[in-house]
Each structure stands twice: as C-alpha cells, then as structure tokens.
Amino acid sequence: MLQFIAAAVCAAVLTACGGGGDKTPITPVVVQPAYKLTETATGTGRAAAAGDLVTFKYTGYLYDSTKSDFKGAKIESSVDLGSTYTATVGVGAMLAGWDQSLLGMQAGTKRTAILPANLAYGANTREAQTINGITYAAITANAPLVYDFEMVFVSPQVTIPNQPAPTVLTTTDLVVGTGTAVVNGQTVTVRYTGWLYDGTRSNFKGTSFDNNQSATTPLTVAVGGTGTITGFNTGIIGMKVGGTRTVIIPPALGYGAVAQTSIPANSTLVFDITLISIQ
C-alpha cells in the first residue's frame, strides 16, 4: 500500500492564571477573520462549476492582521515549483476554502481568499519545511490563511461511452518540469492524488482514495525499488522537478487481485504525481 501520511493533530494548551488551587489548562482561542474573496483579474471562457476539472496555480500565506494585505509568512506555493494543481472542484476533493473560492473562476481569473481555519486545515498542523531551497513556515493549529489563486483552465466533467481500462502503464505530462530527468535507482519526493479508474469520465478519474497534498511532508520514493506499487514508482521515471504527470496503472502493476481498504481487487488506478525534489 502507498505510504499514507497524515498531518499530526495537536492541541496547544496554556496554564490558567489566577488564585490558589489546581490550575486548569485551557486551549488558546485563535481569533478568526471572516471569509473574504477578492477578484483581482477577470478571465474568459467557462466559469468553473461543481464537478468541473480545474487546473490552477496557488500561493498560501499565514494570515497576519498587521499587514495591509493580511499576508504573513508563505506556507506553500505551486508557483515556486513552476507547477499547477488539478482537481475536481465543488465535490469535496480539496480544502473547503479552495472549493468555495475556485467556483466561478474562468481561465485567467485571479482571486485572493482569506480563509478562517474551518475552511483551511482546521486543527491540523505542519512543521516548517524546505522544498527546492525555499523554506515555508509552519502551520499551527486553527491557523487562518490567505491564498492567491490563478485559474489556468476549466474543463467540464463530461460523461463519455465507457472506455476500457488500459492493460499497460500509460503516462501523460500535464506540466513538464525543469532540470535533469529522474532515472531508475534515484530517490525522489512527490505529492500525489489517487483515483479509481472510471472509463465514463473524460479524465478517467473516479472516486479519490488517497492523496498527500496537505500532508506534513511529501512522499519519499525509491524509484525502481520497494515501498510503493510498481506502477507508481516506475511512472515517475523521466519526470523533472516541478513537473506533474498523470499515470494510469493497470492492476498487474498496482495491487492486483488483493483488495485494499478503499480499493477493490483488480482495480486500475489513476494518479496525478508532482515531482518535488530529486535527492
């Protein structure tokens, strides 16, 4: 099974002040801003509706009420990686605040969203991390965030006559990265989202069963080695840092006849994989 990485959840506590007797720990209250969406550039074409497949760029910041634009330390950015993020909008496949903010956007539209914690990562936390030499701030529990979004394109989720699942590994580069290409035997870090294959959809992405887009750290993969299914790690070969690739994995290169928690036996799988670094 792919390594599932969950963000650690913690509750910070302070010791109550006051008179004698036992001191009862209390959870600090983080003042939450109201959700606010500001459009800074208008696009053209189809407006994203629930169920559409959207590709966009994003940069996230900690909310800082002392700044005129409310943008504090940077926490993550597809722009820094030269990549984009693709997902189905309005169906709960992303952060609630992302879903809410991306609806109605057209290609070329830019928006800035202020997200209270309940629309962002909630009580989840993430330590500071460095990716490609860029250091991103830690995300604390119940942290409100600010995101800049730029829509790249919007594709309607079209139902088509059922397409038989491929019997061989297939790859499609959505974004070509930069630098040297991954070769067999290297160790890399990636972020990914996985879906069950659905031959009635134009992008073949059915039910999502796993992703580590908001995990504490990217997934480390020994290319050509063990630790992930064969189709996943061989599908990374040839990618460059910042690139995003769709990999369709037949059962023989996935989990075969062995069912997993949310993956039926003999399932064809679809992954979007973004290469973060080559170690």
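Bear in mind the structure is a predicted one, so any value in this text is a computation, not a measurement. Reckoned from all heavy atoms, side chains included, excluding hydrogens, waters and symmetry mates.
The side-chain contact (heavy atoms from CB on, under 4.5 Å) search around Asn118 returns Pro116, not counting sequence neighbours. For Thr200, the side chain to side chain donor-acceptor pair (under 3.5 Å) test picks out Asp198, with sequence neighbours left out. In this structure Thr193 satisfies the side chain to side chain donor-acceptor pair (under 3.5 Å) test together with Gln213, sequence neighbours excluded. Remark: Ser68 engages no residue in a side chain to side chain donor-acceptor pair (under 3.5 Å) (not counting sequence neighbours). Scanning for ring pair (Phe, Tyr, Trp, His ring centres under 6.0 Å) contacts around Phe153 gives an empty result, with sequence neighbours left out. Considering only residues two or more places apart in sequence or on other chains, Ser65 meets the side chain to side chain donor-acceptor pair (under 3.5 Å) condition with none of them.
Applying the side-chain hydrogen bond (donor to acceptor under 3.5 Å, both in side chains) test to residues at least two apart or on different chains, the pairs with a partner in residues 269-279 are Thr189-Ser277, Lys205-Asp272, Thr244-Thr274, Thr246-Asp272. For the salt bridge (Lys or Arg N to Asp or Glu O under 4.0 Å) condition, no pair includes a residue of residues 256-267, sequence neighbours left out. Here side-chain hydrogen bond (donor to acceptor under 3.5 Å, both in side chains) pairs that include residues 95-108, with residues two or more places apart or in two chains, are Tyr35-Ser101. Every pair passing salt bridge (Lys or Arg N to Asp or Glu O under 4.0 Å) that includes a residue from residues 155-174 is listed here, sequence neighbours excluded: Asp173-Arg245.
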Distance-only donor-acceptor hits, side chain of residues 80-97, under 3.5 Å, sequence neighbours excluded:
unit_1: Asp80; atom_1: OD2; unit_2: Lys74; atom_2: NZ; d: 3.3
unit_1: Asp80; atom_1: OD2; unit_2: Tyr136; atom_2: OH; d: 2.8
unit_1: Thr86; atom_1: OG1; unit_2: Thr55; atom_2: OG1; d: 2.8

Name the atoms and distances for all side-chain donor-acceptor pairs under 3.5 Å in residues 175-185, with sequence neighbours left out.
none

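Using modelled atom types, one finds no donor on one side chain facing an acceptor on the other under 3.5 Å when comparing Thr59 with Asp148.
Looking only at side-chain heavy atoms (C-beta outward), Ile229 and Tyr255 come within less than 4.5 Å of each other.
Between Phe56 and Tyr58, the ring-plane angle classifies as tilted under the 30° and 60° cut-offs.
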